[in-house]
Amino acid sequence: MPAPVVRMPPSPTGWFHVGNARTMLFNWLYARHTGGRVVLRFEDTDRARSTEEAIAQAEDVLRWLGIDWDDGPHRQTQRLDLYAQAATDLLERGAAYPCYCTPEELQAERERRQAAGLPLVYSGRCRGLAAEERAAREAEGLPRVIRLAMPVEGTTAIEDVVRGHVEWENALQGDHVIFRSDGTPTYLFANPFDDIAMGITHVIRGEDLLPSTPRQLAVYAALDAAPPTYAHLPMVLGTDKKKLSKRHGAVSVEEFRDRGVLSQALVNYLALVGWSYDDHTTVMTVPELVERFTLERVNPSAGVFDAEKLEWLNGEHLRALAPEEFATALQRYLEASGSPIAEQPERVGRVAPIVQEKLRTLGQFEGFAGFLFGEAPVDAGAWARVEADADAPRWLGAARDALAGVAAWEAEPIHAALAAACDQQGVKPRVLYMPIRVAISGRTVAPGLYESLELLGRDESLRRIEDALGRLAA
RNA sequence: GCCCCCAUCGGCUAGCGGCCUAGGCCCCCGCCCUUUCAAGGCGGUAACACGGGUUCGAAUCCCGUUGGGGGUACCA
């Protein structure tokens, strides 16, 4: 059996959302797993909505995700003469015909059919036009589209890899438009035409395209080509179980990248919506996914995109990084996001090890460890907790005294000094440490206390504790 | 309206007739780790949509109902 050829056909009309990315990913995983080839093809025949910017963005996102391709990127707008030639052939052979119906007529027809309980498809009015009638309309210069002459009886069926046998009534399909009045092809034609021309063996796409399959198969038949193998992937839904859109908050790949999600984590997560390896494996590297991915294990039911699980998984991938890799990723992220902290790479390198265990996304770094790079804003809620403890001044005073006596300013001696202070005060570390933490970081959640103090330095640490003491007294 | 797809814990899923008193992960809730905590450890709550069949036996097969999703453009 020859190696599979798959394609990734984005329509560059907007941002790349995670659902599209998931579909691209499954194509890519399937090709890489089987040793097949990947074709990248931009379907930009809708010129009103397609933009150069979207094309550049799509390529950028795919590269970032590590999804590469062996052929392309092709652009349908550069293949227009091929489609035009095909249109002429189809017309000559009677496999397609010109239609002169106006939008108003079509609308009226739809309404009539709706009222009669009939499927909303074109009646085929222009299909039966005699040669002279066509000539007359052409002479009039009437705008026309080209419709594919669908079989009027029988059924069309596929054996979908994820859905099994699916069958449609041909009579219910209608003669769809394959060329617009401006001569450009529609998706229903350009997509299967290119799939044939590019030797695509496996069409792996979203379930939303399942209903268009019989009409595309009709193109295969008209062109006398052998149909591909189909695999219709389950939809990726928003939390309200509706098709993903901007209404669902962060849905574009770029948004997750900007938040500090690792591409390997996003890929790992996306692989898990609609597919699983077994009953317990969750965290996987990209090479592992390539090795394990099969279409047979894709499940047919739609899934909700869970950003929380993605972030958890990202934390797992963050922790799986070697310390140097983590520091590098963090520095790069800070640079890319334009953070002023990026200008202190050495400092970032020193702070990185104490936050790697706790971050879920790189984007949390500034809020989590920003206090080690300069004065940090004091969180109102955290400060309120300090004030709520009437003994806070006592704890801070004891901490100040203990820290002032530390000989070597390093985490271990600091730990020993603070532990001694706890004993002396007869209080649990959690009680004594809370105000210290808020005093130095402005928050109740931060990296390890001893390491934080070490990195802050004796003078600055004591200064912040004194500040807090002053504020409590005021 | 018409057509198609889907249906296991709140979410992602395992399960392809007996291994299921239904397993894993996220979330949530406890407890632990003489440091907050978003990290780690331990534990817990929680599901086979419903009704008929088939079978010695059904979460698994069939039919129906209900529910959800998608499509129905000179968008892709």
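Heavy-atom basis, side chains included; hydrogens, waters and symmetry copies ignored. What you see is a predicted model, and the numbers here were worked out from it, not measured in a lab.
- Within 4.0 Å (heavy atoms only), A:R113 reaches no atom of the nucleic acid at all.
- A side-chain N or O of A:D194 and one of A:Y83 form a donor-acceptor pair less than 3.5 Å apart.
- A distance of about 13 Å separates the C1' atoms of B:C48 and B:A14, rounded to the whole Å.
- Applying the 6.0 Å contact sphere to CZ of A:R430 captures no more than 12 heavy atoms from other residues, nucleotides or ligands.
- For the pair A:R297 and A:F293, the cation-pi test (distance below 6.0 Å, angle within 45°) is failed.
- The environment of A:R350 atom CZ is sparse: at most 12 non-hydrogen atoms of other residues, nucleotides or ligands sit within 6.0 angstrom.
- B:A49: Watson-Crick or G-U partner is B:U65, with both key distances under 3.5 Å.
- As rounded to the nearest Å, B:A22 and B:C16 have C1' atoms that lie 15 Å from one another.
- One interatomic measurement links the two molecules: CG of A:L270 to P of B:U13, which rounds to 12 Å at whole-angstrom precision.
- On the P atoms, B:C56 is 25 Å away from B:A49, given to the nearest whole Å.
- Comparing the P positions of B:U21 and B:G11 gives an interatomic distance of 24 Å, to the nearest angstrom.
- Ring-plane geometry between A:F189 and A:F179 is classed as tilted, the angle between the planes lying from 30 to 60 degrees on a 0 to 90 degree scale.
- With respect to the salt-bridge test (charged N to carboxylate O, under 4.0 angstrom), the residues A:R41 and A:D195 qualify.
- A:F179 comes within 4.0 angstrom of nothing in the nucleic acid, heavy atoms only.
- B:C2 and B:G71 make up a base pair, with Watson-Crick or G-U wobble contacts both under 3.5 Å.
- Pairing each heavy atom of A:R205 with each of A:N191, the nearest pair is NH2-OD1, 4.2 Å.
- Between the CG atom of A:D44 and the P atom of B:A76 there is a distance of 10 Å, rounded to whole Å.
- A:G274 comes within contact range of the sugar-phosphate backbone alone, with a heavy-atom separation under 4.0 Å but no base atom that close.
- B:C62 and B:U8 have their P atoms separated by 16 Å, with the value rounded to a whole Å.
- Side-chain atoms of A:V273 lie closest to B:C12 of the nucleotides B:A39, B:C12, B:G71.
- Atom C1' of B:U13 sits at a distance of 12 Å from the matching atom of B:A47, rounded to the whole Å.
- Rounded to the nearest Å, the gap between the P atom of B:G68 and that of B:C29 is 30 Å.
- Contact check, A:R47 against B:C75: no side-chain N or O comes under 4.0 Å of OP1 or OP2.
- Side-chain nitrogen and oxygen atoms of A:T45 include at least one within less than 4.0 Å of the OP1 or OP2 phosphate oxygen of B:A76.
- Between A:Y230 and A:Y220, the ring centre distance reaches or exceeds 6.0 Å.
- The CG atom of A:D182 sits 13 Å away from the P atom of B:C74 (whole-angstrom rounding).
- Side chain A:S11 to base B:C75: no donor-acceptor pair is found below 3.5 Å.
- We find that A:R112 and A:E109 are not joined by a salt bridge, their nearest charged nitrogen and carboxylate oxygen being 4.0 Å or further apart.
- With a cut-off of 3.5 Å on both Watson-Crick or G-U wobble distances, the partner of B:C56 is given as B:G18.
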Pairs under 3.5 Å (N/O, protein and nucleotides 2-9 of chain B):
unit_1	atom_1	unit_2	atom_2	d
B:C5	O2'	A:R163	NH1	2.5
B:C5	O2'	A:E207	OE2	3.1

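- Separating the C1' atom of B:U45 from that of B:G67 is a span of 26 Å, rounded to the nearest Å.
- In this structure, A:R297 reaches the sugar-phosphate backbone alone: every heavy-atom distance under 4.0 Å involves primed, P, OP1 or OP2 atoms, never a base.
- Residue A:N299 has a polar side-chain atom (N or O) positioned under 4.0 Å from OP1 or OP2 of B:U13.
- One finds a salt bridge joining A:E460 and A:R464 here, because a Lys/Arg side-chain nitrogen approaches an Asp/Glu carboxylate oxygen to under 4.0 Å.
- Distance, A:L209 CG to B:G71 P: 9 Å, rounded to whole Å.
- Among the heavy atoms of the strands lying under 4.0 Å from A:S276 are primed sugar atoms or P, OP1, OP2 only; no base atom is included.
- Within 6.0 Å of CD on A:E153 lie no more than 12 heavy atoms contributed by other residues, nucleotides or ligands.
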Task: Annotated protein contacts, base or backbone, on nucleotides 25-35 of chain B with a non-hydrogen cut-off under 4.0 Å, one of B, S, - each - done: BSS------SB
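- In this structure, A:R75 pairs ionically with A:E52, as a charged nitrogen and a carboxylate oxygen lie closer than 4.0 Å.
- Figure legend. B:A38 is base-paired to no nucleotide; pairs are counted as Watson-Crick or G-U wobble with both atom distances under 3.5 Å.
- Of the residues near RNA chain B, A:V445 and A:L188, the one whose nearest nucleotide (by heavy atom distance) lies more toward the 5' end is A:V445.
- The side chain of A:T13 contributes no N or O atom lying less than 4.0 Å from OP1 or OP2 of B:A76.
- At a threshold of 4.0 angstrom between heavy atoms, the contacts of A:Q114 include nucleobase atoms, whether or not backbone atoms are also involved.
- Nucleic acid contact class of A:V145 (heavy atoms, under 4.0 Å, all strands): base.
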